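Dumping the structure here so I can ask a few things about it.
Heads up: numbering here begins at 1 and tracks the sequence. Every number for a ligand or one of its atoms is a count from 1 in the order of the listing. None of the values given here were measured: they were computed from a predicted structure.
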Amino acid sequence: MNLPQSYFPYRKGYLHVEGTSVEELVRQYGTPLYVYSQSAIEAAYRELQKAFPENENLQICYAVKANSNLSLLRVLRDLGAGFDLVSGGELYRVAKAGGDSAKIVFSGVGKTREEIQEALHYQEGKGILSFQVESLHELMCLEAQATTAKKKASFCLRFNPGVEAETHPLITTGTETSKFGLTEKEILHWVKNNASKEYLHFLGVSVHIGSQIHQLKPFQKTFQKTQTLIQKLEAILKRPLEVVDVGGGIGIPYEKEKPLSLKSYAKEVSRYFGQRSPFRGRLKILLEPGRLLVGNAGVLVTQVLYEKRILKRRCLILDAGMNDLMRPALYEAIHAILPVHKRLGASEKTLVVGPVCESSDVFAKKAVLPKNLKEGDLVALLSAGAYGFSMANHYNSRRLPAEVLVHQDKAVLIRKRDRHEDLIRNEIL
Ligand SMILES: *Cc1c(COP(=O)(O)O)cnc(C)c1O
């Protein structure tokens, strides 16, 4: 897997994104600034694709919530990606980016009737590939909406395999107590009693056990249980199922973590569901990677506003805060920090914080940073491409940062920085 740094080299001591100088981007667009490398996204996509045998019946559906900027969606669409959505808002974005109706799946525990209708009518009524249904009430609702629309809704049932994903508790989704998915018992019961419905078409099973997973074990356990479930379902239905959606969750290195080998991941997917599985290539395999495709393709560039000492410890205050990049405050995530202009000399353990009025607005407690890094200097928070901008918010009435997409030595602004007016756009006085 790409190291965070590979598309972010230093040239003559200055940090670049591909062939573009970060300092020059800041001169033009200011800080805080998200900068993405198109080549890094493309490389991650192709690496995942190449990990599978060429004849595998595979569709990558990018999980839009990881980063939903239209230009990134366009890059991924051009690579052949479909999309995994969790809201009508994401469907709207995917439509703008030209997402192909035959490659879209809609996940999430709380789809509204309105969202279901929007998806049924997507792309002049073509609809979407599959609703990933998470409760039996949702399925009844889907049937009612499909009947009203007189459109057949294809769906998968999301299976909760009761597997511990071995990641941060706030990003696991496949344990028995999690709000996501249905138990095997519920799925078998429904299928036994509802084999054929005029406006519903049962495609298969989806699973997604969590995010930022580095071990193969939880995936293997999940795939094993899912394979067994599909076999049971096919026996009940006396027909083959068409789709297995193995979800996302593949972890990326933020610091020195050893990432999952994509080859070994792909091998497991193929072994349980692919050409070499009991299904012999007749299941369409959907993958829903989010973080893997964009996480290490983006950095958040920010300026050091002030330096202070707190009980002798050095503290740097940045102009980016938890509203711009929420992961550290939300689940103690760590982002490596690099000075944009490399400095020689001694370093010092540094507390790095944002300006937001919350004690959790801390990026690093002990970042090793050059002693001579000072006010006005720029730093980059690495691996900020996933769940960075997409989680950004206006807390403290802070304006959302700008975003730039770099391809080699070309940089395009793909989202303007908010203006003050944007903060109050929908307010009524
Ligand atoms: C969030 C999510 C994903 C993507 O997870 P990553 O860890 O970013 O790969 C995939 N599928 C579903 C259903 C999700 O909710």
For atom 7 (O) of ligand 1, closest protein heavy-atom neighbour: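 Ranking protein heavy atoms by distance from atom 7 (O) of ligand 1, first comes S211 OG, 2.3 Å.
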Determine whether any heavy atom of A66 lies closer than 4.0 Å to an atom of ligand 1.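 No.
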Using residues 133-141 as the side-chain source, report each donor-acceptor pair under 3.5 Å to any protein atom, sequence neighbours left out, with the distance given to one decimal.
residue: E134; atom: OE1; partner: G181; partner atom: N; Å: 3.0
residue: E134; atom: OE2; partner: G108; partner atom: N; Å: 3.1
residue: E134; atom: OE2; partner: R158; partner atom: NH1; Å: 2.7
residue: S135; atom: OG; partner: E138; partner atom: N; Å: 3.1
residue: E138; atom: OE1; partner: K111; partner atom: NZ; Å: 3.4
residue: E138; atom: OE1; partner: E134; partner atom: N; Å: 3.0
residue: E138; atom: OE2; partner: K111; partner atom: NZ; Å: 2.6

Atoms in ligand 1 with a heavy atom of R158 nearer than 4.0 Å: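 This gives 13 (C) as the contact atoms.
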Is the closest N or O pair between G290 and ligand 1 shorter than 3.5 Å? yes
Looking at ligand 1, does D84 have a heavy atom less than 4.0 Å from it?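 The answer is yes: ligand 1 sits under 4.0 Å from a heavy atom of D84.
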Please state which part of A63 comes within less than 4.0 Å of ligand 1, counting heavy atoms only: side chain, backbone, both or neither.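 Within the 4.0 Å criterion, A63 contacts ligand 1 through side-chain atoms alone.
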So is A386 touching ligand 1 or not, going by heavy atoms under 4.0 Å? no
With heavy atoms of R291 as the reference, note each atom of ligand 1 found under 4.0 Å away. 6 (P), 8 (O), 9 (O)
So how far is it from I41 CD1 to L72 CG, rounded to the nearest 0.5 Å?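 Going from the CD1 atom of I41 to the CG atom of L72 covers 4.5 Å.
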Can you confirm, on distance only, whether ligand 1 has an N/O atom lying under 3.5 Å from any N/O atom belonging to S107?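 No.
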Considering non-hydrogen atoms of the protein only, which is the closest contact for atom 13 (C) of ligand 1, and what is the distance? E288 OE1, 3.4 Å
Test: R398 and D324 ion pair at under 4.0 Å: yes
Got a sec, which pairs hit ring pair (Phe, Tyr, Trp, His ring centres under 6.0 Å) with one end in residues 151-193, sequence neighbours left out?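 Applying ring pair (Phe, Tyr, Trp, His ring centres under 6.0 Å) to every pair that reaches into residues 151-193, excluding sequence neighbours, yields F155-W190, F155-F202, H168-Y331.
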Quick one: does I250 get an N or O within less than 3.5 Å of an N or O on ligand 1? no
Please name the residue in the list V340, L382, L33 that meets the side-chain contact (heavy atoms from CB on, under 4.5 Å) test with V299. L382
Starting from atom 2 (C) of ligand 1, which protein heavy atom do you reach first, and at what distance in Å? K65 NZ, 2.3 Å
Do the side chains of R271 and E268 get close enough for a salt bridge, i.e. N-O under 4.0 angstrom? yes
If you compare all heavy atoms of Y10 against all heavy atoms of L15, which two are closest, and at what distance to 0.1 Å? CD2-N, 3.5 Å
If you count the non-hydrogen atoms of other residues, nucleotides and ligands that lie under 6.0 Å from CZ in R113, is the total more than 12? no
Between atom NZ of K50 and atom NZ of K263, what is the distance when rounded to the nearest 0.5 Å?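 Spacing of NZ (K50) from NZ (K263) equals 9.0 Å.
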Provide the number and element of each atom of ligand 1 under 4.0 Å from a heavy atom of P289. 9 (O)
What's the shortest distance from atom 8 (O) of ligand 1 to any protein heavy atom, and which residue and atom give it? Y387 OH, 2.5 Å
